[in-house]
Amino acid sequence: MLAESKSTPVTDELYGYMLGHNPPLDPVQRELVEVTHAQLPGYAGMQSAEEQGPLLAFLVRLTGARHIVEVGTFTGFSALSMAQALPADGKLIACDISEEWTAYGRDAWAKAGVADRIDLRIAPALDTLRAMPAEPHIDLAYLDADKGNYIAYWEELVERMSPGGLIVADNVFFHGSVVDPGATGSGAAIKAFNEHVAADVRMESVMLTVADGLTLARRR
């Protein structure tokens, strides 16, 4: 028997209501969101949803994270949100392959006074992850990059997570394609990733209906 969904359909009005009752974006965050949509209209959908900024900052503070890894930075909104929540001596390693897109982030991070907390590494993320110390040392990881490599990123991250460390994986619904038996490409990759996560006994995970689906997974 299928469980009945108790989720309330999110209309534009309800979405606006939710944003109005969340912590507002600060001027630098707002400007970065607007610049991304203005300058990169064909790619702006890659930016984390507006409500995810305050959520990620909340999770940084909740976990007391001091060492964060982000896989997939785009124009830097999520990195900005997390870095602002870090203590002054905290560090966020941001992994991306685009100098062009991350340049917007660099400008915003400087304006917000958190550039010294963000170590941007322009290289294939798997290379960056594999070059990190193998022992557990990451307090929080945010995964929002190319979907075909999600499982590979996961495997590199899990063994490096501190006990109780949190992995946050975005786009785990992939626009609803995960329930399509004929899903291909990124949709099929995310379906496989979700099964992989659910079967991983090293982690305790929950999937949430936030934006395009969000999985929170805690290192046991």
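All values below come from the heavy atoms of this structure, side chains included, with hydrogens, waters and symmetry mates left out.
The two residues G72 and D96 have their closest heavy-atom pair at C-OD2, 3.8 Å. Between I122 and S98, the shortest heavy-atom distance links the atoms CD1-O, 3.9 Å. The two atoms that bring L80 and A112 nearest to each other are CD1-CB, 3.5 Å, heavy atoms only. Contact record, G164 with R218: O-CG, 3.8 Å, taken as the closest heavy-atom pair. For G187 against S177, the heavy-atom pair with the smallest separation is CA-OG, 3.3 Å. For the pair G76 and W109, the tightest heavy-atom approach, listed with the atom from each and the gap, is O-NE1, 3.2 Å.
Taking CD1 from I138 and CD1 from I167, the interatomic distance works out to 8.0 Å, rounded to the nearest 0.5 Å. Rounding to the nearest 0.5 angstrom, the gap separating the CG atom in L55 from the CG atom in L208 is 8.5 Å. Interatomic distance, F193 CZ to L143 CG, rounded to the nearest 0.5 Å: 5.5 Å.
Side-chain contact check for T73 versus C95: every heavy-atom pair is 4.5 Å or farther apart. For the pair Y150/I190, a side-chain contact is recorded, criterion being any heavy-atom separation below 4.5 Å from C-beta on. Between M203 and R220, every side-chain heavy-atom pair lies at or beyond the 4.5 Å cut-off. In this structure, the side chains of L25 and F77 come closer than 4.5 Å at one or more pairs of heavy atoms. Put simply, the side chain of L92 does not reach to within 4.5 Å of the side chain of L140, judged on heavy atoms. Looking at D144 and N171, their side chains come closer than 4.5 Å, going by heavy atoms from C-beta outward. The closest side-chain heavy-atom distance from L56 to M82 is below 4.5 Å. Between L129 and V69, some side-chain heavy-atom pair lies under the 4.5 Å cut-off.
Residues passing the side-chain hydrogen bond (donor to acceptor under 3.5 Å, both in side chains) test with Y15 are E51, sequence neighbours excluded. In terms of the side-chain hydrogen bond (donor to acceptor under 3.5 Å, both in side chains) criterion, residue partners of T36 (sequence neighbours excluded) are, by chain and number, Q47, T75. When the side-chain contact (heavy atoms from CB on, under 4.5 Å) test is applied to H175, the partners found at least two apart in sequence or on another chain are D212. For E31, the side-chain contact (heavy atoms from CB on, under 4.5 Å) partners two or more places apart in sequence, or in a different chain, are V35, K111. Looking at residues two or more places apart in sequence or on another chain, you find a side-chain contact (heavy atoms from CB on, under 4.5 Å) between R130 and L126, E156.
A donor-acceptor pair is defined here as one N or O able to donate and one able to accept, closer than 3.5 Å; no such pair exists between the side chain of D146 and the backbone of G148. Panel note: side chain N194, backbone V172; a donor-acceptor pair is recorded below 3.5 Å. At distances below 3.5 Å, at least one donor-acceptor pair connects side-chain atoms of K147 with backbone N or O atoms of A145. Without hydrogens or angle criteria, R117 side chain to A83 main chain gives a donor-acceptor distance under 3.5 Å. Under a 3.5 Å cut-off, the side chain of R219 and the backbone N or O of V158 do form a donor-acceptor pair. Of the possible polar contacts, one joining the H137 side chain to the E135 backbone as a donor-acceptor pair under 3.5 Å is found.
Between R30 and E50 a salt bridge is recorded (basic side-chain N to carboxylate O distance below 4.0 Å).
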Assess the residue pair E99 and R106 against the criterion (side chain to side chain contact (heavy atoms under 4.5 Å, CB included)); give the C-alpha distance rounded to whole Å, side-chain angles, the decisive distance to 0.1 Å, and a yes or no. CA-CA 10 Å; E99 290 276 12; R106 287 185 188 274; 4.2 Å; yes
Is there a side chain to side chain contact (heavy atoms under 4.5 Å, CB included) between L214 and M207? Walk through the geometry before answering. CA-CA 6 Å; L214 201 68; M207 184 181 287; over 6 Å; no
Begin with the C-alpha distance, continue with both residues' side-chain angles, and end with the deciding distance and a verdict on side chain to side chain contact (heavy atoms under 4.5 Å, CB included) for D180 and K191. CA-CA 9 Å; D180 179 2; K191 286 181 69 173; 5.8 Å; no
Is there a salt bridge (Lys or Arg N to Asp or Glu O under 4.0 Å) between R202 and E155? Walk through the geometry before answering. CA-CA 11 Å; R202 300 168 296 178; E155 286 301 315; 3.0 Å; yes
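The aromatic rings of F74 and W101 sit perpendicular to each other, their planes meeting at more than 60°, with 30° as the lower class boundary.
Applying the side chain to side chain donor-acceptor pair (under 3.5 Å) definition to pairs two or more places apart or across chains, those involving residues 81-93 are D26-Q84, Q29-S81, Q29-Q84, R66-D89.
Judged purely by distance below 3.5 Å, without hydrogens or angles, the side chains of E70 and S78 pair a donor atom with an acceptor atom.
Other residues, nucleotides and ligands contribute at most 12 non-hydrogen atoms within 6.0 Å of the CG atom of D12.
Both V210 and V33 belong to a single network of hydrophobic side chains, linked directly or stepwise wherever heavy atoms of I, L, V, M, F, W or Y lie under 4.5 Å apart.
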